[in-house]
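Working notes for the structure below.
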Amino acid sequence: MSGASGSAVGDVFDVVVVGGGAAGLNAALVLARARRRVVVVDAGEPRNAPAAHMQGFLSREGMSPAALLEVGRKEVAGYGVELIEGRVDHIDPGFFVHLDGGPVLKARRVLVATGLRDELPEIPGVRERWGKDLLHCPYCHGYEVRDQPVGVLGTHPGAVDQALLLRQWSGDVVYFPHTQELADEQRERLLARDVYIADGTVKWLVVEDDRLRGVELAEGAVVPRSAVFVFPRMVPRDALLSDLGCERDERGWVTTDAVGRTSMFGVWAVGNVADPRALVVTAAGKGAAAAFALNHDLVDEDVERAVEEYRAAATADPSSVR
């Protein structure tokens with residue numbers, strides 16, 4: 001990616017894309033093919049960086065996230081998209097996009113695809129094994145640990161449903177309530193689904209030879225496991241959207257319509273910054289849908305401007321227009 005020094009405030013981009021993951025890059029690709037002038041600003045902090053492989057992405061099955069982004073950057077650059085390695089500090093009214101320690105980019109529209117960050121529980125071993133054998137998404141990793149002894153840490157209200165879901169991939173699932181108290185109905189559902197409940201506080205993950213071996217409880221018991229799932233607290237990187245005044249839903253997430261349009265004129269948001277459930281393939285598709293809508297929005301504006309100029313010319317000199 002190029003440095004931030006390559007652009008000046010005098011240049012006007014049709015769209016500034018903030019975030020160079022699957023959503024942002026796919027939006028940039030579609031917009032560039034629509035002959036729009038686009039720049040992508042990316043801070044280089046992809047959510048899935050710890051993962052070695054992607055799953056559930058047709059034709060990209062097993063590809064590393066880093067490899068996908070490398071290919072994507074080359075593809076959009078081939079269409080003339082400018083790539084800036086940096087971080088957006090803030091966006092002023094009129095879409096003046098201020099980069100940290102860099103120039104100010106002027107845009108007609110802004111697409112924010114800055115993703116989210118996963119906040120993990122403070123249990124020894126969790127952060128170290130994240131993306132290896134400490135996992136989150138059953139649809140992303142369940143098949144790879146099928147029929148293996150699997151654990152689920154009860155550190156999030158959604159953890160019980162996660163354990164119930166994982167029985168689809170393994171007949172040996174252990175739920176660790178940890179500090180989450182189980183309601184009677186939840187306990188019944190787990191037991192009915194043949195999920196074993198290991199009551200007690202989790203002390204740490206047992207790791208030997210760089211492999212997860214089990215979960216040790218504070219009481220001293222070690223439950224052998226080869227993979228453990230955790231439901232992290234997902235925090236959107238949406239400060240830019242907040243500063244722009246975008247509306248939020250009852251969960252606190254920025255609201256968008258089906259094509260990523262926010263409540264603020266000219267501002268789109270796609271990918272995990274607006275949808276915590278979006279997989280890589282989903283985010284890429286949302287980026288494409290947003291790009292279609294963005295281009296139509298810009299065409300409408302171009303036509304309105306052309307009509308105004310046409311009428312002004314016709315008024316000034318009727319013979320000058322057809």
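Worth knowing before you read on, the calculation uses all heavy atoms, side chains too, and leaves out hydrogens, waters and symmetry mates.
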Gap between atom [atom2] of [Y] and atom [atom1] of [X] - 0.5 Å precision:
{"X": "E208", "Y": "R213", "atom1": "CD", "atom2": "CZ", "value": "6.0 Å"}
{"X": "L298", "Y": "L294", "atom1": "CG", "atom2": "CG", "value": "6.5 Å"}
{"X": "R146", "Y": "Q168", "atom1": "CZ", "atom2": "CD", "value": "13.5 Å"}
{"X": "R261", "Y": "C246", "atom1": "CZ", "atom2": "SG", "value": "12.5 Å"}
{"X": "L217", "Y": "H178", "atom1": "CG", "atom2": "NE2", "value": "10.0 Å"}
{"X": "Q162", "Y": "C137", "atom1": "CD", "atom2": "SG", "value": "9.0 Å"}

**Message:** Show, in sequence, the C-alpha distance, side-chain angles and deciding distance for D317 and S319, and conclude whether the side-chain hydrogen bond (donor to acceptor under 3.5 Å, both in side chains) test is met.
**Reply:** CA-CA 5 Å; D317 182 5; S319 64; 2.6 Å; yes
[Y] and [X], any side-chain heavy atoms less than 4.5 Å apart:
{"X": "D238", "Y": "T114", "result": "no"}
{"X": "V40", "Y": "I84", "result": "no"}
{"X": "L105", "Y": "F96", "result": "no"}
{"X": "V160", "Y": "Y175", "result": "yes"}
{"X": "L205", "Y": "L134", "result": "yes"}
{"X": "F229", "Y": "V150", "result": "yes"}
{"X": "V30", "Y": "F292", "result": "yes"}
{"X": "L25", "Y": "R73", "result": "yes"}

Salt bridge or not for [X] and [Y], using N-O below 4.0 Å?
{"X": "D249", "Y": "R251", "result": "yes"}
{"X": "R127", "Y": "E122", "result": "yes"}
{"X": "D14", "Y": "R108", "result": "yes"}
{"X": "D210", "Y": "R129", "result": "yes"}
{"X": "E309", "Y": "R305", "result": "no"}
{"X": "R109", "Y": "D297", "result": "yes"}

**Request:** Evaluate the criterion salt bridge (charged side-chain N to carboxylate O under 4.0 Å, His left out) for residue pair R87 and D42; output intermediate values, then yes/no.
**Result:** CA-CA 6 Å; R87 188 183 304 277; D42 184 56; over 6 Å; no
Sequence neighbours left out, cut at 3.5 Å: what donor-acceptor pairs do the side chains of residues 181-188 make with other protein atoms?
residue, atom, partner, partner atom, Å
Q186, OE1, A183, N, 3.0
R187, NH1, D199, OD2, 3.4
R187, NH2, D199, OD1, 3.3

Short question: side chain of [X], backbone of [Y] - any donor-acceptor pair under 3.5 Å?
{"X": "D257", "Y": "G260", "value": "yes"}
{"X": "T262", "Y": "V267", "value": "yes"}
{"X": "N26", "Y": "A284", "value": "yes"}

Could you report the tightest heavy-atom contact between [X] and [Y], atom names first, then the distance?
{"X": "V259", "Y": "A293", "answer": "CG2-CB, 3.6 Å"}
{"X": "G20", "Y": "L69", "answer": "O-CD2, 3.7 Å"}
{"X": "R33", "Y": "Y79", "answer": "NH1-OH, 2.8 Å"}
{"X": "V195", "Y": "A163", "answer": "CG2-O, 4.1 Å"}
{"X": "K203", "Y": "P124", "answer": "O-CD, 3.3 Å"}
{"X": "P149", "Y": "P224", "answer": "CB-O, 4.1 Å"}

For [X], does the [atom1] atom sit with more than 12 other heavy atoms under 6.0 Å from it, leaving out its own atoms?
{"X": "E128", "atom1": "CD", "result": "yes"}
{"X": "H90", "atom1": "NE2", "result": "yes"}
{"X": "R193", "atom1": "CZ", "result": "yes"}

Do [X] and [Y] share a hydrophobic cluster, counting only Ile, Leu, Val, Met, Phe, Trp and Tyr and linking them when any side-chain heavy atoms are less than 4.5 Å apart?
{"X": "L212", "Y": "V145", "answer": "no"}
{"X": "V280", "Y": "M63", "answer": "yes"}
{"X": "V222", "Y": "L153", "answer": "no"}
{"X": "F57", "Y": "Y139", "answer": "no"}
{"X": "V173", "Y": "F176", "answer": "no"}

**Message:** Taking side chain to side chain contact (heavy atoms under 4.5 Å, CB included) as the criterion, tell me which of V104, V41, V18 meets it with L99.
**Reply:**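 Only one option passes, and that is V41.
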**Item:** Sequence-distant partners of R117, side-chain hydrogen bond (donor to acceptor under 3.5 Å, both in side chains), two or more places apart
**Value:**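 side-chain hydrogen bond (donor to acceptor under 3.5 Å, both in side chains) list for R117, sorted by chain: E119.
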**Request:** Kindly indicate, with the supporting measurements, whether the criterion side chain to side chain contact (heavy atoms under 4.5 Å, CB included) is fulfilled by R47 and L116.
**Result:** CA-CA 7 Å; R47 177 194 183 191; L116 60 78; 3.2 Å; yes
**Asked** After noting the C-alpha distance and the side-chain angles of D161 and R167, does the key distance pass the salt bridge (charged side-chain N to carboxylate O under 4.0 Å, His left out) rule?
**Response** CA-CA 10 Å; D161 288 337; R167 275 290 282 110; over 6 Å; no
**Request:** Please step through side chain to side chain contact (heavy atoms under 4.5 Å, CB included) for the pair N272 and R277, ending with a clear verdict.
**Result:** CA-CA 7 Å; N272 283 150; R277 302 175 68 88; over 6 Å; no
**Request:** Show the numbers, then the answer: is there a side chain to side chain contact (heavy atoms under 4.5 Å, CB included) between Q55 and E144?
**Result:** CA-CA 10 Å; Q55 311 296 341; E144 280 62 45; 3.8 Å; yes
**Request:** Assess the side chains of H98 and D92: does a donor N or O sit below 3.5 Å from an acceptor N or O?
**Result:**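 A pair is found: one side chain offers a donor N or O, the other an acceptor, under 3.5 Å apart.
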**Request:** Test side chain to side chain contact (heavy atoms under 4.5 Å, CB included) on D133 and V228 and set out the steps.
**Result:** CA-CA 6 Å; D133 35 32; V228 171; over 6 Å; no
**Request:** Measure the acute angle between the ring planes of H156 and F231, then classify it against the limits of 30° and 60° as parallel, tilted or perpendicular.
**Result:**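 Answer is parallel, since the angle falls under 30°.
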**Derivation and outcome, side-chain hydrogen bond (donor to acceptor under 3.5 Å, both in side chains), residues Q148 and S226** = CA-CA 7 Å; Q148 296 181 29; S226 59; 2.9 Å; yes
